[in-house]
Amino acid sequence: MRITRLGGSIAVLGMTAVLAACSSGTPGSTDTPTANTGPVALEFWCWGTSQKAKVEAFNKAHPNVQVNHTDVGGDRDTAAKLLTANRAGNAPDAACLEYETLPSMIVAGALADISAHTGDVKDAFSPEVWDLTSFDGAVYGVPQDVGPMVLVYNKKRFQELKIEPPATWQDFAKVAADVRKKDPEAYLTTFAPAEFGNFAGLAQQAGASWWQVQDQTWTVGIADQTSHEVADYWQGLIDKDLVKAQPLLTPEWNNQLNKGKILAWPSALWAPGVLYGVAEKQAGDWAIAPLPQWKEGDDRVAFQGGSALTVTKTSKNAAAAATFAKWMNTDKAAYDLQIEMGEYPASLAGQQAAGDSPPPKLTANQKDYWDVATKAAQRTIPHISWGPNVSTAKSAYEDAVSAALRDRTPLRDALTKTHNLVVEDMKTTGFKVTGP
Amino acid sequence: MTAMPRADRRSRAPYLFVAPAVLLFLAFLAIPICYAIYLSVRGLRLTGGGVFGTREEVFVGLDNYVRTLTDPEFFAGFGRLALYGLISVPLTLGLALLFALLLDHAGTRAKRFSRTAIFIPYAVPGVTASLLWGFMYLPSTSPFSYLTQELGLGEIPFLGPGGIYPSLANIAVWGSVGFNMIIIFTSLRGIPAELYHAARIDGASEWQIAWRIKIPLVAPALVLTGLFALIGTLQVYGEPTTLKPMTTEISQSWVPLMNIYRNAFTRDDLPLASAASVLLAAGTLLISVVLLKVTQKRAFGGMQ
Amino acid sequence: MSAAGHLLPHRRGRILPTLVLLIGSLYCLVPVAWVLVASTKSSGELFSTFTFAPGTGLLDNLRDLFSYGDGLYLRWTANSALYAVAGSAFSTLISTLAGYAMAKYEFRGRNILFYAILAGVLVPGMTLAIPQYLIMSEIDLVGGYWSVLLPGLISPFGIYLARVYAMSSVPDATIEAARIDGASEYRIFGSIGLPMMIPGMVTIFLLQFVGTWNNFLLPYIMLSDENKFPITVGLYTLLNKGSSQPALYGIAIVGAAVSVLPLIALLLFLQRFWRLDLLSGGLKG
């Protein structure tokens, strides 16, 4: 934050601004004490329950760099705020962003290339994970947590209804029908219109590639054959009332979950943490299973969600911010805190540590939790690329799918509508786009 | 209008008195408007540099206006707004007038209590009001749906298709009926009582008095409240935004201001948002002026 | 009522109007009653018990509310109070000065100013939020208290009302007499105009106060540090985060209840000072 700029207004209001001076010195390393200047002050935006403790731990370990953490909301809010703040010239030094949001932020000129500082941590991550933040040799962030997709299910209710977690999506449909027969008030799962990342992950698992770029020329595949087939699959489930179309994590949804009327959620490894917050009473009742596959015997899954810690282009302390980003995602103290809060760390050492820890509270009774988790993490699809206007795509997808569910028009048409809007938006901005 | 003190025409006093207001007006109304107009002819376009290229701001002429005016969603937003306004504005004014007349009616009891109770929602911020009503609409927490379910009628689809317009309009009516009632009521209190006496002696009923004397005399207050209700309708934003996570009925561009907000902050297209803002502001101004002309300058006419 | 004495309507003419008003009152009070009841419920009870059945979690909820984010809720309240009180006080003063000048002086540009202010009343304030944000960022104020306070200081409607009130309540003869006694224009305003306009100023202040207290979009756009949020934005973010941490729903509800009470008390207390006839009074032109 520009302390000098804000100082005036804060002082006028009689607030005691005990803020460290924004020194001009940029220490190359935080371990080197800089003479005559106070500690470097960094502003950091991030959501998530583990951040506060992680930042405190960092500040304790680094007397020369003091980070001030602000939670400005989830990825969507952070991205929106970051864009305007970047334009206004008052962006923070570092911020968390979901992987899919990175390209649009790079195109907006909001993020700094920190490849000069990250040589020593590259090997701390698997190549698939490192690829999520590096583009053509430039590095725009350090991976923080990842979400390999899994099926999270209420094992207790499954046993009551005598059903097994499905191995394929064909089985999934059968189980969904079984649930409706055995408990007419319950649904195996819900289909939420605003879950762009979730649907993208399911389509990617089926083989779709929503964006590709080669020599600055883009190909968009949101409405390709595979994606349409995935849409048709869910359409069938919704039409037969086997799956309920409903927004996710609303008070209503949470209530049904608590009553045991929503039995499973195809999502990612962060889901047990989220559901625990929603249905504390069901701790121990749940478990995870590999995500159903389109073909029996396959085991590839996509990532859903997960975030990286980025450094902004306007930061005057990029080196210190990069050090901070690295520490937050490779230091043992940091990933231990992440694991405690139910996040799945991005670093290999963090994942190793997670595997050695007890399972999250929601799935406390599942003995092979980490076996299933580790297997999913090792079999994620490499080289997923996101487009430069994912935020536009997200909002277009959400509106088109909501409208389709409301008006009972085909989901595949909603994908086509999203696709066209995305391509048109890219062309207006000046991107070269091939194909339809 | 009274005569002005001529001797002071050249005094600097009035300029000093209006100076703070003029400065702030320029800084926070005039300049932002000009800036919005400037921005509306700019656009973010891809230039070289970086892995994917970087977007820079360039002059694009009337592109953003064309895009706004050819965006069916923008107009659909006005359509939804019109439907919403058709429910909320007449209901607000009608109820406010009814309550004001009843408060002014001689035989009514519990006046102080009713006046205060109906005025209370004015103190509740729109976001809070939406939160309250949102929970009262959700099937699992709604007392109304609870009753209908107990009666075996199923839940009321407050947030479903068809239900969403009345549900949203209700929040607006709830929040503004008290304030409008007070405006009309104070204006009723300003009517000399002799007018009623004369009518009563002529044998007019209370209904006739209300209809023939009171309502025509408070017409200026009705025009004013109607105008505010209309401007308020064009600015609807907080209520549908707060209810949005609870329903699939409300899209991100449900009303024009949501469309503008989405373009500005979700899609990072400030120029497009500016063009839509300029159109919306100009449209509001036009509608207000037309409305005032139609109602023969009854409101805001006190200048010359 | 003036006419109540000798022309009381018959019984039916009393019951029906009273009944209608009481139904209206009930309609207006139900959501407030709901939030008060809901604030006594623990997050489990919120969805599992009948909505108007009181719960057992009031004290826990209050404790959670005030301990959330190290007392963030109290900060939001303090911020809302700062924005509303300081903003409205200065805004009222500025509006009074301008309204008085426009009512009591002829000066060049007065008509232009009047029409500009009228246009300002009619332009939707929200369409200005984004350009205001950009202007604020140009002068490096975005994110600070000033970014919310400054745009709130200019209130075209307040100026319009002040002008109406000055025209009707400050007699020209009094001003003229003071001039003859040799008082300066500033003295005349300070010792004659201002005191006479106080009832009008209270109304302007209250309108502005409620408007600022209820404002959402401007602070939502301008601010990112939750320590500077007013209550409206704070509650909205709680509700937003509530989808993944439902315990926050309980906090948002009890927070809404707690935030509504003082404002209702304030309105009830100040009701007698309201001169809302000012609003309609200006229309008799």
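Atoms considered below: every heavy atom in the structure, side chains included; atoms not considered: hydrogens, waters and symmetry mates. Protein chains get the first letters and strands the later ones, always in sequence-line order, with residue 1 at the start of each.
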Using distance only, find each side-chain donor-acceptor pair of residues 87-98 of chain C under 3.5 Å and give its atom names and separation, not counting sequence neighbours.
from  : atom 1 : to     : atom 2 : distance (Å)
C:S88 : OG     : C:A84  : O      : 2.2
C:S88 : OG     : C:F209 : N      : 3.4
C:S91 : OG     : C:L153 : O      : 3.3
C:T92 : OG1    : C:S88  : O      : 2.5
C:S95 : OG     : C:S91  : O      : 2.9
C:T96 : OG1    : C:T92  : O      : 2.5

Donor-acceptor pairs are to be reported for all side-chain atoms of residues 262-281 of chain A against protein atoms at under 3.5 Å, with residues two or more places apart or in another chain.
from   : atom 1 : to     : atom 2 : distance (Å)
A:S267 : OG     : A:W265 : O      : 3.2
A:W270 : NE1    : A:Q304 : O      : 2.8

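Within the 4.5 angstrom heavy-atom criterion, no atom of C:Y236 approaches chain A. Residue A:D71 touches chain C through both its backbone and its side chain, counting heavy-atom pairs closer than 4.5 Å. If you measure heavy-atom distances from A:T78 to chain C, you find no contacts under 4.5 Å at all. Only the side chain of A:W45 comes within less than 4.5 Å of a heavy atom in chain C; its backbone stays farther off. Looking at C:Y133, the atoms closer than 4.5 Å to chain A (heavy atoms on both sides) all sit in the side chain, from C-beta outward. Of the two parts of A:K52, only the side chain, counted from C-beta on, holds a non-hydrogen atom closer than 4.5 Å to a non-hydrogen atom of chain C.
Annotation: maximal heavy-atom pairing with chain A below 4.5 Å, among C:S147, C:S224, C:A86, occurs at C:S224.
Here the side chains of C:Y73 and C:I231 are in contact, with some heavy-atom distance below 4.5 Å.
C:Y145 and C:N79 share a side-chain donor-acceptor pair at under 3.5 Å.
One distance of note links CE of A:M105 with OG1 of A:T310; it measures 8.5 Å at 0.5 Å rounding.
Between A:S50 and the choices A:E340, A:E343, A:Q144, the side chain to side chain donor-acceptor pair (under 3.5 Å) rule is met once, by A:E343.
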